[in-house]
Amino acid sequence: MIDSAAPAPAPAPAGVPTTDAPPVPSAPPFPHRDLLTIQGLPAREISVLLDLADSYVAQNRKRDKKTSLLRGHTLINLFFENSTRTRTSFELAAKRLGADVINMTVQASSIAKGETLIDTAMTLNAMHPDVLVVRHPESGAVKLLANKVNCAVINAGDGQHEHPTQALLDALTIRRRKGNLDGLTVTICGDVAHSRVARSNIYLLNTMGARVRVVAPPTLLPPAVERLGVTVFHKMTDGIGDADIVMMLRLQSERMAGCYIPSVREYFRFFGLTYEALRAAKPDALIMHPGPINRGVEIDSEVADDIKRSLILDQVELGVAVRMACLDLLTRARRAG
Ligand code: ASP
C-alpha cells in the first residue's frame with residue numbers, strides 16, 4: 001500500500017549520483033549454485049559463460065597457464081562411469097585455476113562396498129568440498145545428489161539425460177569458427193535416443209537460434225523427438241543437406257538393452273559419415289563428435305582426421321576453457337562471501 005501522506009522524494013537530477021541511496025546490487029551474471037542441465041538456461045546466461053570461456057582459451061594457450069583464482073578451493077571428481085576427456089578436462093580446469101582436485105571412481109569408492117549414492121554424497125559433503133563434478137549412469141541421479149549437499153554440483157553426464165558442459169564446449173567451438181550460432185543449420189546424426197550430448201545440444205542450439213536436425217534410424221530416436229524442437233530425417237544425405245555443422249554421435253551400446261541396428265556394417269553404410277555423404281552438406285560444413293569416436297562405425301577414419309573439416313580436437317581443447325568458466329562462475333558467490 002502507498003502512504004499518501006509521505007511526500008515522494010524528489011528525483012535526483014540526471015547524471016548527478018545520489019549519495020545516500022544504497023547502491024543497487026548488480027544481478028550476478030550466472031545466478032545458480034549448480035550446473036545440472038542446459039534446459040531452462042536463458043540465452044543471456046549461456047552467452048556470459050561462453051564469453052568468459054573465450055578469455056580462458058587465451059589463458060590456456062600461454063606458457064604459464066595457472067592462476068590462483070580458486071586457491072584454497074577443493075573440487076572432487078566423482079565418476080560412476082568411465083571417462084577420459086571430461087574427467088581430465090575438469091581436473092585440468094580446476095588446477096589451472098589453482099584449486100585442489102580429488103579424483104574418485106566408483107571402483108575405488110565405498111559404493112563398491114554397498115554404500116548408497118546419497119550416503120557417499122553426504123560423506124563427501126562433510127569434508128567441505130567447494131565443487132562436486134558428478135557423472136552417473138542413471139538419469140536424474142546428479143540432481144538427487146545435488147539436493148543433499150551444500151557445495152556447487154556440476155553434472156558431467158547423467159545417463160541419457162544431459163551433459164551440459166559438452167553442449168557448452170560444442171557451442172563455443174561452433175561460435176569461434178562460424179562467428180555465431182543464430183541461423184546456423186546443425187545436424188546431429190546417430191544414436192540420439194541414448195545420447196545426453198544430443199539432448200543438451202538440442203536445448204542449447206534451439207535457445208541460441210540455430211536450426212536443429214537429427215538423422216537416425218527410427219530405433220535410435222527417442223519417442224516424440226520433434227517436441228524437443230528438431231526436424232527428423234532418416235536418410236543421411238537429406239539430413240545433412242546444406243548443413244553448416246554435422247555432429248556425429250557414438251552408438252551408446254552400454255545403454256542399449258537389445259538390438260537397435262541390424263549390424264555395424266549396415267549402420268556405417270547408411271548412417272556413417274563418409275566424404276560421399278558429406279558432399280550433401282555446405283562446402284564449408286564442419287564436423288564434430290563428442291568422443292570417444294568409433295572409426296568405421298559412425299565416422300570414416302579419414303573424415304575424422306581431416307584437419308580442414310574436423311573440429312574434434314578443437315572441442316577437446318575448448319572443453320578445458322568452458323569448464324574453467326563454469327568453475328569461475330559457480331564459485332563467485334562463495335568467493336565473495
Ligand atoms: N563422452 C560423451 C558422453 O559421455 C559421448 C559418448 O560417450 O559417446 O556422453
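Order of appearance sets the numbers: ligands from 1, and atoms from 1 within every ligand.
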Trainee: State, yes or no, whether a side-chain contact exists between Leu168 and Leu50 at a heavy-atom distance under 4.5 Å.
Mentor: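 Yes, their side chains come closer than 4.5 Å.
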Trainee: So what's ligand 1 close to, N/O to N/O, under 3.5 Å?
Mentor:
{"residue": "ligand 1", "atom": "1 (N)", "partner": "Gly291", "partner atom": "O", "Å": "2.9"}
{"residue": "ligand 1", "atom": "4 (O)", "partner": "Arg135", "partner atom": "NH2", "Å": "3.1"}
{"residue": "ligand 1", "atom": "4 (O)", "partner": "Arg196", "partner atom": "NE", "Å": "3.4"}
{"residue": "ligand 1", "atom": "4 (O)", "partner": "Arg196", "partner atom": "NH2", "Å": "2.8"}
{"residue": "ligand 1", "atom": "7 (O)", "partner": "Arg250", "partner atom": "NE", "Å": "3.4"}
{"residue": "ligand 1", "atom": "7 (O)", "partner": "Arg250", "partner atom": "NH2", "Å": "2.9"}
{"residue": "ligand 1", "atom": "8 (O)", "partner": "Arg250", "partner atom": "NE", "Å": "2.7"}
{"residue": "ligand 1", "atom": "8 (O)", "partner": "Arg250", "partner atom": "NH2", "Å": "3.3"}
{"residue": "ligand 1", "atom": "8 (O)", "partner": "Gln252", "partner atom": "NE2", "Å": "2.8"}
{"residue": "ligand 1", "atom": "9 (O)", "partner": "Arg196", "partner atom": "NE", "Å": "2.9"}

Trainee: For the NZ atom on Lys143, are there more than 12 heavy atoms of other groups (residues, nucleotides or ligands in this structure) within a distance under 6.0 Å?
Mentor: no
Trainee: So does Asn82 have more than 12 non-hydrogen atoms from other groups sitting under 6.0 Å from CG?
Mentor: no
Trainee: Will you find, in the side chains of His289 and Gln315, an N or O donor that is under 3.5 Å from an N or O acceptor?
Mentor: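 On atom types as modelled, these side chains do not qualify, holding no pair under 3.5 Å.
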Trainee: Can you check whether Ile293 reaches Ile312 side chain to side chain, under 4.5 Å on heavy atoms?
Mentor: yes
Trainee: What donor-acceptor contacts under 3.5 angstrom involve side-chain atoms of residues 262-279, with partners at least two apart or in another chain?
Mentor:
{"residue": "Ser263", "atom": "OG", "partner": "Glu266", "partner atom": "N", "Å": "3.1"}
{"residue": "Thr274", "atom": "OG1", "partner": "Ala277", "partner atom": "N", "Å": "3.2"}
{"residue": "Tyr275", "atom": "OH", "partner": "Asp306", "partner atom": "OD2", "Å": "2.6"}

